[in-house]
Amino acid sequence: MPERDDDQDWIRILGGKPAPDARSETVKEAEALRRAMLAQKRSSAEPSDVEPGLQRLLFRLRQEKLLDRPFASWQTYAGFALAASLALGIAVTVLVPRSPDDSGPEIPKFVVKGEPMKHANDVVRELETVGITARITAVGETVRVEADWPAQPNASQQEFLTRHKLPAPQRGRLRIEIRSEAK
Amino acid sequence: MTENECLEKLRRGGKHRAEAISHLYREHARGFLGYFVKHRVPRERAEELVQEVFVKVVRHCENFRGDTRFDSWMWAIVRNELMDHFRRQRPEEAMEEEDLEKAAEAAAMVEMPADPGPGLEDCVQKAYAAFARAYADRAEMLARVAFDGWSIEDVAAALKRTSGATREYLSQCRKKLKMFLEPCREFLQAS
């Protein structure tokens with residue numbers, strides 16, 4: 001049996017599902033493991049009280065008005081973000097050349113007029129509207145925006161890439177470097 | 001409350017959203033906290049990370065498309081939060097996906113069970129516990145398969161990987177786990 005099929009049988013048995021054609025060694029291993037995992041779960045299930053944490057969460061959600069905020073569709077947010085980008089009139093250039101010390105996939109670089117950090121914040125906000133949580137790190141005068149990128153991006157996420165002329169992120173990671181135009 | 005009811009309430013807002021997030025918190029907060037603690041995040045900080053996760057669930061649930069299980073979507077947020085935590089600790093390093101595992105491995109003592117114990121059950125439990133200490137993230141994904149009936153696609157959504165890459169990931173989980181199960185081999189063959 002190909003190893004891949006054997007692995008799938010193993011996963012099925014681990015999940016408590018039948019795998020009628022599985023090898024007997026695979027069945028023994030996965031069933032023993034499942035029993036061990038369930039036993040460990042039972043023994044480590046400490047009855048901790050989650051209520052204080054929940055009350056803290058609800059308090060914070062109320063403070064930040066996150067309980068009542070009406071949910072607009074992502075298309076609405078994307079429209080706002082696009083309009084904001086145009087209004088800012090930021091000149092964005094994707095530089096193709098790769099710096100010699102870069103390893104791994106090429107990182108697109110934006111050269112902007114004005115503060116790279118401000119532009120990075122705009123990008124982060126824009127990403128947030130398409131459901132991507134990004135973070136910013138500053139390395140010298142360059143600001144890097146990084147985020148996990150879904151294996152199957154939705155339309156609004158794809159549109160984000162197109163809008164900024166970005167290549168498809170490699171290995172599930174979006175990286176953009178932003179620096180100021182040379183003075 | 002079913003997943004769909006929960007989502008519907010989250011989207012409606014107000015008392016419905018409070019009810020839904022309370023339900024989710026009671027169902028998942030312990031698991032998320034345990035995951036952070038297993039990755040050697042100090043308890044107090046881990047509790048803060050759990051709070052952040054649920055705030056992000058509220059903030060971003062409108063972007064959830066329903067093409068995966070909702071809990072696997074939440075686990076993607078949990079893993080992201082952990083990576084962000086490590087990145088904040090070491091901002092000078094670009095944290096990669098693989099580093100999540102390295103961070104857990106580096107902190108964990110990779111212990112092969114020297115004494116296999118009196119029988120199969122005991123041996124496999126010790127082996128699995130050692131595996132979970134060394135590969136907390138992988139152990140968590142296997143736990144979701146075993147306890148919550150996650151499919152490969154559900155794991156893929158939590159890992160943010162393709163199905164193919166996830167199959168390979170799970171295959172690697174099995175290979176790594178086999179090393180820990182080696183002392184139990186005789187018991188397994190005899191069973």
Side-chain angles (χ1 to χ4, degrees), chain A residues 3-4 7-8 10-11 14-17 25 28-29 32-41 44-46 48 50-51 53-54 56-58 60-62 64 66-74 128-133 135 137 139 144 146-152 154 156 171-173 175, chain B residues 11 13-14 17-18 21-22 25-26 29-30 34 47 50-51 54-56 58-65 67 76-77 80 83-84 87 91 94 96-97 120-121 124-125 127-129 132 142-143 145-147 149-152 156 160-162 165 167 170-171 174 177-178 181 184 188-189 191:
Chain A
E3 198 174 333
R4 171 151 288 200
D7 286 342
Q8 287 191 28
W10 183 79
I11 291 288
L14 192 63
K17 295 168 190 154
E25 293 84 358
K28 284 179 188 173
E29 182 190 307
L33 183 60
R34 179 173 165 80
R35 284 196 301 273
M37 291 170 78
L38 290 169
Q40 197 205 43
K41 188 187 181 194
S44 64
E46 54 178 73
S48 62
V50 295
E51 289 306 311
L54 174 58
R56 197 150 58 97
L57 174 70
L58 291 172
R60 179 172 166 193
L61 293 174
R62 284 190 198 99
E64 295 183 20
L66 284 170
L67 285 181
D68 296 319
R69 186 172 65 93
F71 284 156
S73 68
W74 61 266
E128 198 163 351
T129 65
V130 297
I132 302 282
T133 303
R135 67 182 297 273
T137 46
V139 183
R144 183 180 281 191
E146 286 184 90
D148 288 332
W149 193 258
Q152 291 170 326
N154 61 35
S156 61
R171 296 192 298 216
R173 194 87 189 132
R175 288 196 184 91
Chain B
R11 287 175 173 148
R17 193 174 297 160
I21 201 69
S22 299
Y25 192 93
R26 290 187 182 113
R30 272 191 212 99
E47 284 174 1
V50 171
Q51 296 277 317
F54 282 98
V55 168
K56 282 181 179 160
V58 172
R59 277 189 204 280
H60 300 298
C61 69
E62 61 200 301
N63 295 313
F64 176 68
R65 298 284 189 275
D67 45 4
I77 296 177
N80 208 39
M83 283 203 277
D84 278 349
R87 287 191 194 109
E96 300 287 348
E97 175 83 10
L120 174 66
E121 305 295 319
V124 176
Q125 280 185 34
Y128 175 69
L142 292 183
V145 170
F147 306 146
W150 277 19
S151 65
I152 290 172
K160 296 186 180 175
R161 296 187 187 193
T162 61
R167 282 174 212 278
L170 291 169
S171 176
R174 186 183 178 191
L177 189 48
K178 269 194 169 177
L181 286 171
C184 315
L188 279 168
Q189 281 166 355
S191 67

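We name chains A, B, ... by the order of the sequence lines, and we start the count at 1 in each one.
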Could you go step by step and tell me if B/Gln125 and A/Gln40 meet the side chain to side chain contact (heavy atoms under 4.5 Å, CB included) rule? CA-CA 7 Å; B/Gln125 280 185 34; A/Gln40 197 205 43; 5.8 Å; no
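- Only the side chain of A/Arg60 comes within less than 4.5 Å of a heavy atom of chain B; its backbone N, CA, C and O stay farther away.
- Contact of B/Ala129 with chain A is made through backbone and side chain together, with heavy-atom distances under 4.5 Å.
- Of the two parts of A/Glu25, neither the backbone nor the side chain holds a non-hydrogen atom closer than 4.5 Å to a non-hydrogen atom of chain B.
- Here B/Thr162 contributes atom OG1 and A/Gln152 contributes atom CD; the two are 8.5 Å apart, rounded to the nearest 0.5 Å.
- Under the 3.5 Å distance criterion, the side-chain polar atoms of A/Arg34 are matched with a main-chain donor or acceptor of B/Ala146.
- For chain A, the nearby parts of B/Leu142 are the backbone and the side chain; heavy atoms of each come within less than 4.5 Å.
- Heavy atoms only, all atoms of each residue included: B/Gly14 and A/Asp68 are closest at CA-OD1, 3.3 Å.
- With rounding to the nearest 0.5 Å, the separation of CD in B/Glu47 from CG in A/Leu57 is 12.5 Å.
- With a threshold of 4.5 angstrom between heavy atoms, A/Leu61 approaches chain B through side-chain atoms but not through N, CA, C or O.
- Contact annotation: the side chain of B/Val124 never approaches that of A/Arg35 to less than 4.5 Å [non-hydrogen atoms, C-beta and beyond].
- To the nearest 0.5 Å, atom CG of residue A/Leu33 and atom CG of residue B/Leu181 are 6.5 Å apart.
- Using a 4.0 Å cut-off between charged side-chain N and carboxylate O, A/Glu29 and B/Arg174 make a salt bridge.
- Taken to the nearest 0.5 Å, the CD1 atom of A/Ile11 stands 12.5 Å off from the CH2 atom of B/Trp150.
- Only the side chain of A/Glu64 comes within contact range of chain B, with heavy atoms under 4.5 Å apart.
- To the nearest 0.5 Å, atoms CZ (B/Arg17) and CG (A/Leu58) are separated by 12.5 Å.
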Please walk me through it: do A/Met37 and B/Phe147 pass side chain to side chain contact (heavy atoms under 4.5 Å, CB included)? CA-CA 9 Å; A/Met37 291 170 78; B/Phe147 306 146; 4.0 Å; yes
Stepwise side chain to side chain contact (heavy atoms under 4.5 Å, CB included) check, B/Val145 with A/Trp10: CA-CA 11 Å; B/Val145 170; A/Trp10 183 79; over 6 Å; no
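- The CG atom of A/Leu66 sits 5.0 Å away from the CZ atom of B/Arg59 when rounded to the nearest 0.5 Å.
- Ranked by non-hydrogen atom pairs under 4.5 Å with chain A, the options B/Ile152, B/Leu177, B/Val50 are led by B/Leu177.
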Checking A/Glu146 against B/Arg87 for the salt bridge (charged side-chain N to carboxylate O under 4.0 Å, His left out) test, could you report, in this order, the C-alpha distance in whole Å, the side-chain angles of both residues, the deciding distance, and whether it holds? CA-CA 11 Å; A/Glu146 286 184 90; B/Arg87 287 191 194 109; 5.2 Å; no
Determine, step by step, whether B/Gln189 and A/Lys28 satisfy the side chain to side chain contact (heavy atoms under 4.5 Å, CB included) criterion, reporting the C-alpha distance in whole Å, the side-chain angles of both residues, the deciding distance to 0.1 Å, and the verdict. CA-CA 8 Å; B/Gln189 281 166 355; A/Lys28 284 179 188 173; 5.5 Å; no
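- The candidate with the highest count of non-hydrogen atom pairs below 4.5 Å against chain B, out of A/Gly53, A/Gly131, A/Pro150, A/Gly16, is A/Gly53.
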